[in-house]
S.K.: 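Dropping the structure in here first, questions after.
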Amino acid sequence: MTLDIARIRKDFPILEQTVYNKPLIYFDSAASSQKPLQVLKKEEQLHLEYYGNIHRGAHFLADKATIAYEAVRDQLKKFVNAANREEIIFTKGTTESINLVAFSFGEAFIEAGDELIVSEMEHHANIVPWQMMAQRKGAKIRVLPFDNDGRLMIEKLDELITEKTKLIAVAHVANTLGTINPVDKIIEKAHAKGVKVLVDGAQAVKHLPVDVQALDTDFYVFSAHKMYGPNGVGVLYGKKELLDQMPPYQGGGEMISEVSFEKTTFNDLPYKFEAGTPHITGVVAFGEAISYLENLGVAEVARYEHELLQYATQKLLSIQGMTIYGTQPEKSGVITFNIEGIHSFDISTMLDKMGIAVRSGRLCADTVMQHYGVSGTIRISFAVYNTFDEIDQFIVALKKLVMMLS
Ligand code: PLP
């Protein structure tokens with residue numbers, strides 16, 4: 001099936017506008033994707049027709065909202081091929097999912113002197129929670145480096161993993177370099193030595209079909225807002241046998257079984273990790289985003305985005321002074337670059353005035369910036385609604401401003 005991009009774009013009316021009197025070109029979907037009408041309408045429909053607080057209500061609206069919310073858990077179980085629906089925990093996003101694991105896994109399994117391995121190409125969300133946990137527990141973080149082409153040096157794992165290593169945290173797709181990491185091989189190496197793995201799938205799930213059982217990953221985390229869903233919703237997939245042993249992350253309603261001042265007992269999975277009223281409408285609309293993506297076909301979308309990536313890469317390389325960070329053949333969705341002699345902030349500001357939305361700066365990835373010795377970069381990132389024509393317009397704009405600024 002070939003994707004009908006013109007028709008798909010009609011689902012995203014936000015893209016039809018002009019900014020600064022220029023047609024909007026949105027190249028910042030890695031930060032957050034736009035939402036199709038189907039998702040927006042679903043959220044509105046719930047508010048208009050059957051909004052009520054979930055699980056605890058003994059009335060029609062609450063029951064209907066609960067059924068819709070729990071149906072999305074089943075949908076996600078299928079989407080990532082989890083073995084049990086209890087292994088799907090709803091969170092606020094990737095960041096909260098990682099913080100949850102860092103805290104609860106830390107409490108259950110980490111002792112002073114233990115070690116964690118974190119890759120050098122991680123988003124801050126997959127570094128800082130581990131640092132905080134390591135500090136609290138007296139553990140140590142070791143770094144899995146990448147080479148200048150953006151390839152994770154997984155051969156180094158053989159020396160990095162010691163008998164003290166408890167967990168490896170790694171991105172499936174790096175938000176700066178776009179590298180699709182061989183997480184299956186990393187997991188295999190880790191498990192051979194009894195080490196657990198958390199895969200940050202924030203940049204991966206909308207680009208690649210993900211099967212958590214085939215990967216055999218211990219934890220897999222992602223955010224709805226990067227995959228055409230609402231913001232404020234995320235997922236933690238975790239193996240049941242691990243989640244069962246981990247203490248709750250937050251206390252409150254819903255996560256308990258019984259409460260007294262003498263003793264509180266906790267609820268079963270997944271509710272043990274879902275304290276308080278969640279983002280009910282967001283979760284239900286997330287289900288619609290997944291259906292939307294599945295109707296298009298995840299593999300089909302990935303193939304189209306890869307064509308955009310290759311096309312844009314070739315065009316960018318024709319610009320003098322161009323450096324692209326991350327040149328792996330296994331690459332997805334993003335191109336991060338600099339142009340010699342021009343500050344990244346100047347480029348993004350001028351592109352913005354030309355109607356082109358890109359990301360610039362440190363991209364929440366200081367360790368990647370440090371690797372290349374740069375203070376900032378520009379990043380363009382694609383989604384299914386982007387076109388080759390937009391790339392052409394972007395290249396014309398970029399060449400124009402290079403002439404003006406250099
Ligand atoms: N991990 C990666 C690889 C990301 O790209 C991002 C966001 O850009 C995050 C984690 C954090 O996601 P969120 O802000 O949705 O929690």
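In listed order, ligands and their atoms are each counted from 1. Every value quoted in this text rests on a predicted model; they were computed, and no experiment measured them. Heavy atoms only: backbone and side chains are in, while hydrogens, waters and symmetry mates are out.
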S.K.: Could you pull out all residues at least two apart from D158 that satisfy salt bridge (charged side-chain N to carboxylate O under 4.0 Å, His left out)?
M.R.: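 Listed in chain order: K189.
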S.K.: Give one line per pair: atom of ligand 1, protein atom, distance. Only N/O to N/O under 3.5 Å.
M.R.:
unit_1, atom_1, unit_2, atom_2, d
ligand 1, 1 (N), D200, OD1, 3.4
ligand 1, 1 (N), D200, OD2, 2.5
ligand 1, 5 (O), Q203, NE2, 2.7
ligand 1, 8 (O), H123, NE2, 3.4
ligand 1, 8 (O), K226, NZ, 2.5
ligand 1, 15 (O), S223, OG, 2.7
ligand 1, 15 (O), H225, NE2, 2.7
ligand 1, 16 (O), T94, N, 3.4
ligand 1, 16 (O), T95, N, 2.8
ligand 1, 16 (O), T95, OG1, 2.5

S.K.: Under the salt bridge (charged side-chain N to carboxylate O under 4.0 Å, His left out) rule, what pairs show up with a residue in residues 345-359, not counting sequence neighbours?
M.R.: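 Listed once each, the pairs would be none.
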S.K.: Who are the side-chain hydrogen bond (donor to acceptor under 3.5 Å, both in side chains) partners of T336, not counting sequence neighbours?
M.R.: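 T336: no side-chain hydrogen bond (donor to acceptor under 3.5 Å, both in side chains) contacts found.
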S.K.: Taking the ring centre of each residue, are F90 and Y69 less than 6.0 Å apart?
M.R.: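 When the ring centroids of F90 and Y69 are compared, they turn out to be within the sub-6.0 Å range.
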S.K.: I want to check a possible cation-pi pair here: K64 against Y50, using under 6.0 Å from ring centre and within 45° of the ring axis as the test.
M.R.: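 Ring-cation test returns yes.
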S.K.: When you measure from the side chain of S97 to the backbone N and O of V235, does any donor-acceptor pair fall under 3.5 Å?
M.R.: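 Indeed, once roles are kept as given, a pair shorter than 3.5 Å links the two residues.
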